[in-house]
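Predicted model, so just to flag it, every value in this text is computed and none were measured. Counting from 1, the numbers follow the sequence of the chain as shown. Indexing begins at 1, ligand by ligand and atom by atom, following the structure's order. Values reported hereafter were calculated over all heavy atoms of this structure, with side chains retained and with hydrogens, waters and symmetry mates removed.
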Amino acid sequence: MIDIGKYTKEFKELITASDHILLICHINPDGDAAGAMLAMRRWILTQGKEAGMISPNALQNFLLWMTDTDRIVDFHHNQETGAAIIKEADLIIMMDFNTSSRMGKAEEFILASPARKVMIDHHPEPDHIADLIISDTDRSSTSELVYSLVRELNNGDFNDKAFSEAIYVGIVTDTGNFEHGLYNGDTMRTVGTLLDQGVDKDRILNRVFSNFSADRIQLKGYALDKRMVVLPEYHAAYIWLTKEDLEKHKHQKGDTEGFANMLLTIAGVVLSVLFIERSGFTKISLRSKGNFNANALSRMCFNGGGHRNAAGGEMAGRIENAVTHFRSVLPQFKQDLDAAALEVGL
Ligand code: 5GP
Ligand code: MN
């Protein structure tokens, strides 16, 4: 775990010295990306400063209840406004990503900006795209890192309802409500404080994890029944959903959230992959158990990245390309997959 105290002075000075602060999160923002960004802004407000917020594309519907989401500029749909805010910014804070391609179409505008830049993130091996990099892979979520940073800056817990809720959303998102991902005693002490501050965990749980359409539940059933492949010799399993499958089930953004994790509950499986076909390319989500490095596989095969146990990437073309490619590289990972299975006792 990093010593967050080492960063507070420089961070505070940057905030104090800046008049046009901009926060940006990664494309397809999840609860952690949105939560970290929304929470950071709440603290910046206490310094007598405003901060703009950009998301490279739209937030998923189930996050829209969060306080201040109406202030987030969706760059994909409002490029002109987004570009103007970026141009004006003298401080840009990048949240929950470690490489500039995660900013989608906003990337070129951000890279062209002479503003000072900060990265706050928990992904491994951050690219050096910021003047100040606050990166800690030992945190459950960027939101947990923001919580610690703000506690240091604030000389104590920051008690603000929207802040606390946003942090809680980030932590439960990245840990699947404490089912997977990385969390430890510090995470739980933070969660304890958030609950003491009055965060309504049941309300948040319902909004984040129990807020799906009936079509989505049927898509899940269809995926498991018709589109699941288990490869016991590789301790791997995958689900593949074509564009037509998604259309048939009236797919909405966010409907396949959580599908990537499902197959890790099969005995013996330490690698679970979800292939989702989009227009002209396939999105790949990888989840793993133990020491198997899904990030390395994603970087190598799908031009992607992420964490050791949760990564993602893309591949051009129809879904068959991506699935065939995956199956063709699997033998190279067999030793690592066997070792991970042994390690986690499967
Ligand atoms: P998900 O599978 O939920 O989309 O993403 C899982 C993890 O992988 C997240 O930490 C996310 O930041 C990362 N990730 C997902 N897609 C990509 C991608 O296309 N490129 C990179 N570098 N990381 C990704
Ligand atoms: Mn995250």
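Residue contacts to the Mn ion (ligand 2): His123 brings no N, O or S atom closer than 2.8 Å.
At least one N or O atom of Ser285 sits closer than 3.5 Å to an N or O atom of ligand 1.
Of the candidates Arg299, Glu314, Arg287, it is Arg287 that places a heavy atom closest to atom 1 (P) of ligand 1. Summarising the contacts of atom 24 (C) of ligand 1 with Gly312, Pro29, Ser298, the nearest heavy atom is found in Gly312.
Side-chain rings of Tyr147 and Phe158 stay apart, their centers remaining 6.0 Å or farther from each other. Taking the six-membered ring wherever Trp is involved, the centroid distance between the rings of His249 and Tyr222 falls below 6.0 Å.
Salt bridge Glu50/Arg71: present, at least one basic N to carboxylate O contact under 4.0 Å. Between Lys289 and Glu343, none of the side-chain N atoms (NZ, or NE/NH1/NH2) sits under 4.0 Å from a carboxylate O, so this pair counts as no salt bridge. Remark: Glu144 engages Arg139 in a salt bridge, criterion side-chain N to carboxylate O under 4.0 Å.
Side chains of Tyr183 and Asp174: no donor on one and acceptor on the other come within 3.5 Å.
Taking the six-membered ring where the residue is Trp, Phe275 and Phe302 present perpendicular rings, their angle passing 60° and hence far from 30°.
Rounding to the nearest 0.5 angstrom, the gap separating the NZ atom in Lys117 from the CG atom in Leu111 is 6.5 Å.
The OD2 atom of Asp174, the Mn ion (ligand 2) and the OD2 atom of Asp32 define an angle of 80° (nearest 10 degrees).
If you number the atoms of ligand 1 from 1 as listed, the ones under 4.0 Å from a heavy atom of Lys283 come out as 4 (O), 15 (C), 16 (N), 17 (C). The contact set between ligand 1 and Gly306, taken as ligand atoms under 4.0 Å from a residue heavy atom, comprises 8 (O), 13 (C), 23 (N). Here is the list of ligand 1 atoms found below 4.0 Å of a heavy atom in His307: 10 (O).
In this structure, Ala311 is part of the shell of residues with a heavy atom less than 4.0 angstrom from ligand 1.
Closest to atom 19 (O) of ligand 1, if we only count protein heavy atoms, is Gly313 CA, 3.6 Å. The protein heavy atom nearest to atom 9 (C) of ligand 1 is His123 NE2, 4.0 Å. Remark: minimum distance from atom 22 (N) of ligand 1 to any protein heavy atom is reached at Gly305 N, 3.3 Å.
For Asp96, the N, O or S atom with the smallest separation from the Mn ion (ligand 2) is OD1.
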